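Notes to accompany the following structure.
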Amino acid sequence: MQHELFGSPDVEAFRQWLRENKSFELKEKLMSEQEAISRFVHDGDYIGFELYATVRCPMSLVRELVRQGKRNLGVLGQGLQEVDFLLAAGLVNRMDLTYVGYEVYGLSPILRRVVEQGRVKTAEWSNGAIAWRLKAAAMGVPFIPVRSMLGSDMLKTNGAHVMKDPYTGTQVVLLPAIVLDVGFIHVHRADPYGNAQIDGISGFAVELARASKRLIISAEEIVDPEEIRRYPERTVIPYFLVDAVVHAPFGSHPGEMAYLYDRDEPHLRMYMEMIRTEEGTQQYLEEYVYGPKTHEEYIEKVGGWGRMKVLSKLGVKR
Amino acid sequence: MQHELFGSPDVEAFRQWLRENKSFELKEKLMSEQEAISRFVHDGDYIGFELYATVRCPMSLVRELVRQGKRNLGVLGQGLQEVDFLLAAGLVNRMDLTYVGYEVYGLSPILRRVVEQGRVKTAEWSNGAIAWRLKAAAMGVPFIPVRSMLGSDMLKTNGAHVMKDPYTGTQVVLLPAIVLDVGFIHVHRADPYGNAQIDGISGFAVELARASKRLIISAEEIVDPEEIRRYPERTVIPYFLVDAVVHAPFGSHPGEMAYLYDRDEPHLRMYMEMIRTEEGTQQYLEEYVYGPKTHEEYIEKVGGWGRMKVLSKLGVKR
Amino acid sequence: MKPEYSPTELLIVLAARLFEDNTSAFIGTGIPMLAASLARKLYTPNLVPIFEFGGVGSQLRHLPRAVGEARTFDRAVWAAGICDIMETAQRGLVEYGFLGAAQIDPYGNLNTTVIGSYDRPKVRLPGSGGGNDVGSLCWRTVILMKHEVKRFVERVDFLTTVGYYRGGDTRYTEAGLPRGSGPFRVVTNLAVLGFDDETKRMKLLALNPGVTVDEVVKNTGFELLIPDEVGENPPPTEEELRVLREEIDPEGFYLTTTEGRILDIVTCTATDSQPLTVAVHRNRRGEIVAVLACDRADTPAACQALCPNL
Amino acid sequence: MKPEYSPTELLIVLAARLFEDNTSAFIGTGIPMLAASLARKLYTPNLVPIFEFGGVGSQLRHLPRAVGEARTFDRAVWAAGICDIMETAQRGLVEYGFLGAAQIDPYGNLNTTVIGSYDRPKVRLPGSGGGNDVGSLCWRTVILMKHEVKRFVERVDFLTTVGYYRGGDTRYTEAGLPRGSGPFRVVTNLAVLGFDDETKRMKLLALNPGVTVDEVVKNTGFELLIPDEVGENPPPTEEELRVLREEIDPEGFYLTTTEGRILDIVTCTATDSQPLTVAVHRNRRGEIVAVLACDRADTPAACQALCPNL
């Protein structure tokens with residue numbers, strides 16, 4: 001068990017960094033997955049994704065990240081494919097973990113192999129705690145008090161402090177803020193500057209966007225900035241937080257995108273079958289991650305735009 | 001200078017209260033201003049309004065509150081008319097104060113008279129602090145750390161604690177949560193259950209709605225619940241927080257409602273002129289608050305629906 | 001004649017019977033989703049399902065397969081984010097929570113993190129996920145378990161989610177969790193269990209059909225309180241099973257007791273000699289039983305017409 | 001020939017010249033709104049105005065009269081809430097803030113709460129409002145003041161918004177405010193002032209047109225640092241004044257140097273013998289100079305036709 005914080009709670013340094021590196025200039029930030037990852041992600045970075053692999057997840061960015069083989073990454077949070085790919089590719093050396101598994105499909109064989117072989121350092125948090133740690137950073141404060149995780153053994157693995165509040169004596173966990181080096185979010189639509197809208201639940205996009213030094217978003221659709229200005233209350237991520245905007249239709253595949261397309265269940269079944277073994281896992285990565293050089297090639301590989309059109313007819317509609 | 005907290009930071013008691021008094025039943029809550037105020041507001045209550053008197057403020061509820069003469073009220077926050085009416089009518093005995101004034105029209109003569117004569121106990125906060133105190137209650141935690149207000153004399157008036165955070169040594173003010181007995185919010189539209197949407201900025205509606213034991217909302221428009229379910233991401237206040245829904249078209253008058261109508265500048269000029277003196281203030285209250293018995297009578301008094309229609313042609317449109 | 005049912009179906013039915021109407025419940029993946037759907041159809045039509053990533057009040061027209069997907073906020077009253085949801089629970093507005101675990105101890109403390117030591121685990125489990133938040137913040141948590149000695153243990157290998165901590169009031173006084181919250185029921189394939197009001201130790205409440213007290217004791221790795229009167233859980237009714245199989249999970253996504261309608265996507269050469277991509281349902285024998293949609297036609301019938309051999 | 005201008009116009013112009021392009025600025029009611037509008041038109045077209053109740057990136061087509069109104073998010077990129085905005089500043093993303101005050105001390109500490117004692121005030125002022133947040137969290141605060149001895153005081157009666165606290169590094173080391181933040185300029189009707197890098201005491205930077213150092217010293221209630229070289233602020237240009245009067249505040253809402261277009265709402269008996277409610281602009285002499293809208297017709301011309309006497 002360890003107490004070192006993997007990600008930084010230093011909001012004072014974050015202030016300085018943002019002042020020096022972020023601009024309010026309205027400039028176009030459209031670029032490919034390749035360019036976004038190679039410009040803004042570095043070996044050793046501490047990164048985080050939103051939402052999770054079967055739901056509105058920036059999978060085209062994740063696949064490119066694996067392709068480029070950025071190393072010694074720290075990873076925040078829960079995950080399915082988006083974390084497992086990185087684990088399977090050996091790119092992660094530390095992880096703040098809340099959940100890695102496949103819900104109805106059960107445990108993650110990849111996480112099991114990697115952790116049971118001691119190949120990655122971990123600290124444990126709840127889902128709420130992970131989101132709240134991002135929220136603290138988003139608020140620009142070094143910690144946030146919560147009433148979750150009290151009494152649990154997770155506190156022994158993660159170094160969070162406990163105190164009684166000075167007003168009522170209520171016990172709280174002081175969750176340390178976590179500043180990400182790079183955050184990745186997939187959205188329904190964005191303008192070329194990065195102003196982004198999300199339909200349906202917002203997961204922890206609001207918090208993760210604000211807690212990231214660098215922020216890469218991918219979007220199903222690129223819209224005119226006038227569309228953004230017409231409904232400014234729908235902006236979930238304002239442009240000045242964003243470093244790169246990647247146009248990635250069906251970017252959440254094999255996951256779903258609310259109101260646009262359903263998840264690719266047959267593909268997921270095949271994937272779960274393949275990752276049972278280390279060999280199958282590497283074979284999946286070869287075929288579907290390393291093999292296709294672009295998102296377009298990936299779409300071709302998994303069944304082409306025809307299959308995407310079919311998926312778009314299956315999901316929940318408004 | 002004093003250190004007593006006017007509003008409660010006891011989130012444990014708030015939990016119990018909400019469990020015993022709130023229901024997830026989908027029941028219609030439409031009622032008049034009269035019924036909402038008489039059922040849900042009591043002498044001695046600690047209350048708060050959102051947003052402020054020239055912008056999306058539940059003025060029809062405020063006028064009814066004054067008419068019913070609820071006494072010994074505690075009031076949170078900043079204010080223009082919504083607080084000044086209560087002060088002028090002698091209904092307030094304690095106040096967490098951030099700003100009472102009329103922006104471009106200058107100081108509030110009413111606040112000056114009441115405070116300089118020692119008729120109300122006050123504690124000082126910043127605008128951010130007020131919103132963050134509501135946010136703490138909304139989060140269900142007894143305090144929230146912030147980097148505002150550090151070093152200021154306001155801390156001597158309000159009893160907030162200061163500490164160094166255990167992770168980085170950063171100094172923070174621990175703002176105590178504040179639970180309101182009753183909150184009042186005016187929205188663009190709501191369904192009969194209370195699910196509410198707001199266009200444009202959300203001010204501190206999100207936080208105030210969640211920090212209130214009882215919540216009364218007024219709405220420009222009552223919509224079919226199907227409209228809510230079609231765009232669930234636009235729900236700013238979910239129905240189970242709401243105790244009363246009052247249909248109040250032009251309910252923000254003499255203030256504005258974004259995209260719907262502009263503020264009534266000539267009326268505001270007259271009001272500012274009248275409140276210069278105690279006599280003028282009481283005369284304004286007689287004519288425009290006590291005089292009209294309902295919101296409809298008020299609208300007639302200030303110029304009728306024709307004037308409202310004109311105001312609706314003047315504001316900013318999408 | 002008693003209807004046949006699977007252990008999963010029994011768990012779902014027992015869980016569905018626990019809800020109170022006009023309350024809210026945190027719904028996790030799997031059995032809780034089916035239980036909540038069943039409860040809404042038969043017992044508590046106004047039960048409000050809450051999903052941790054933001055969905056509140058979904059009408060559950062389609063059974064969700066994941067806690068964040070669109071089905072969890074399909075025709076919902078509110079699509080929020082995880083912080084707002086967790087804070088709603090922290091404020092005391094979520095009555096029920098459902099949890100599963102690899103291990104449980106006599107005070108309802110749960111382990112979903114590791115079997116063995118944390119640093120050198122024998123089995124790495126998925127982790128807390130929202131489990132700890134649900135168990136910490138909801139008023140009443142219902143725990144769904146397989147009833148086995150290796151799962152009902154004197155001491156969990158890792159305390160992921162605090163139940164009644166060390167018993168008595170220690171959940172509140174020592175751990176510091178919200179007053180009045182805590183484990184409510186443990187529902188297993190053998191029985192429904194509760195907790196003693198004073199000591200907060202687990203006690204047997206009611207046996208599942210055909211199960212004996214001895215059987216429960218034998219499969220529990222710690223001393224269980226056995227009251228003088230132990231109830232019996234009525235078996236799933238025909239109505240419960242029919243609704244479950246025909247209305248809630250006709251696709252057989254969770255249930256194995258139906259013919260199944262498993263989604264597949266296939267390509268065929270259409271009558272116009274161009275390829276057509278088609279979504280179909282197969283039964284458990286792999287036979288195509290329905291055409292759902294395709295890429296080059298608007299209705300299933302039109303898809304079928306393009307590829308008559310499907 | 002020098003253009004004529006009012007003291008308010010001078011303040012606006014001096015403030016407008018302080019911005020840096022492609023940065024963000026907290027904009028409060030009054031002079032900051034005019035200064036930001038002027039800066040965007042003439043000097044820093046990409047200055048992003050931020051209003052505390054949620055408006056970010058308004059195109060400022062119409063001059064706002066209040067910090068929460070629709071004009072503050074008219075064609076904005078983002079309409080948020082106050083917490084999100086204040087946290088954006090707390091995170092360090094807001095470069096400029098503008099503040100007024102009743103009193104200021106040598107270290108830029110401000111009072112907007114009371115004159116006299118807190119418990120028995122001689123004058124109750126409006127209070128902090130967003131002022132303390134702006135002064136605490138922005139990188140560079142610009143303070144707009146009337147330059148008078150009773151306002152430039154050795155010690156403020158009430159410390160509402162911390163400037164450089166007790167001087168030197170004490171803003172950071174004692175008060176605990178964010179490193180590198182603090183008062184940047186004090187703009188008055190007499191001069192533009194700054195702060196000494198080391199001691200953080202106020203120092204004279206540049207005199208307004210026609211003002212002497214003596215005059216500034218005489219109107220300052222504490223010892224002011226006077227460097228050897230004192231600059232001179234160029235007076236408002238014709239261009240600045242024209243844009244200000246004709247494009248930014250043609251209604252004369254803030255400026256008194258224009259004819260004025262004051263909104264009024266009147267009722268007349270229309271040609272159809274029914275009452276008509278009409279919004280009009282009056283000049284400062286009370287004469288109607290324009291018809292804007294009415295309740296029973298769609299265009300100003302149609303309104304005018306219904307009430308030709310207007």
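The sequence lines fix the lettering, A, B, ..., with proteins before strands; numbering per chain opens at 1. Only this structure's heavy atoms are used, side chains among them; waters, hydrogens and symmetry mates stay out. Here the structure is a predicted model, which is why all the values come from computation and not from measurement.
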Exercise for the section: Under 4.5 Å, counting heavy-atom pairs only, tell me which of M139(A), M163(A), R234(A) racks up the most with chain B. Expected result: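 Top count of heavy-atom pairs under 4.5 Å with chain B: R234(A).
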
Interchain contact, [X] with chain B, by part (heavy-atom threshold 4.5 Å):
X       : result
F143(A) : both
K164(A) : neither
Y259(A) : side chain

Among [options], who wins on heavy-atom pairs under 4.5 Å with chain A?
options                          : answer
A13(B), G169(B), P166(B)         : P166(B)
P142(B), A177(B), P9(B), P232(B) : P142(B)
I201(B), V11(B), V141(B)         : V141(B)

Exercise for the section: Check step by step if side-chain contact (heavy atoms from CB on, under 4.5 Å) holds for E12(B) and R147(A). Expected result: CA-CA 10 Å; E12(B) 187 80 321; R147(A) 307 187 71 189; 2.8 Å; yes

Practice task
Measure the spacing between CD1 of I144(A) and CG of D165(B) and express it to the nearest 0.5 Å.
Solution key: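 Going from the CD1 atom of I144(A) to the CG atom of D165(B) covers 13.0 Å.
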
Exercise for the section: Taking R230(B) for its side chain and R318(A) for its backbone only, find out whether a donor-acceptor pair lies under 3.5 Å. Expected result: no

Exercise for the section: Check the pair Y167(B), L174(A) against side-chain contact (heavy atoms from CB on, under 4.5 Å), reporting the backbone distance first and the verdict last. Expected result: CA-CA 10 Å; Y167(B) 301 105; L174(A) 302 185; 4.1 Å; yes

Handout entry: Audit row: D199(B), E233(A), side-chain contact (heavy atoms from CB on, under 4.5 Å) steps and yes/no
Key = CA-CA 7 Å; D199(B) 292 345; E233(A) 69 271 44; 3.7 Å; yes

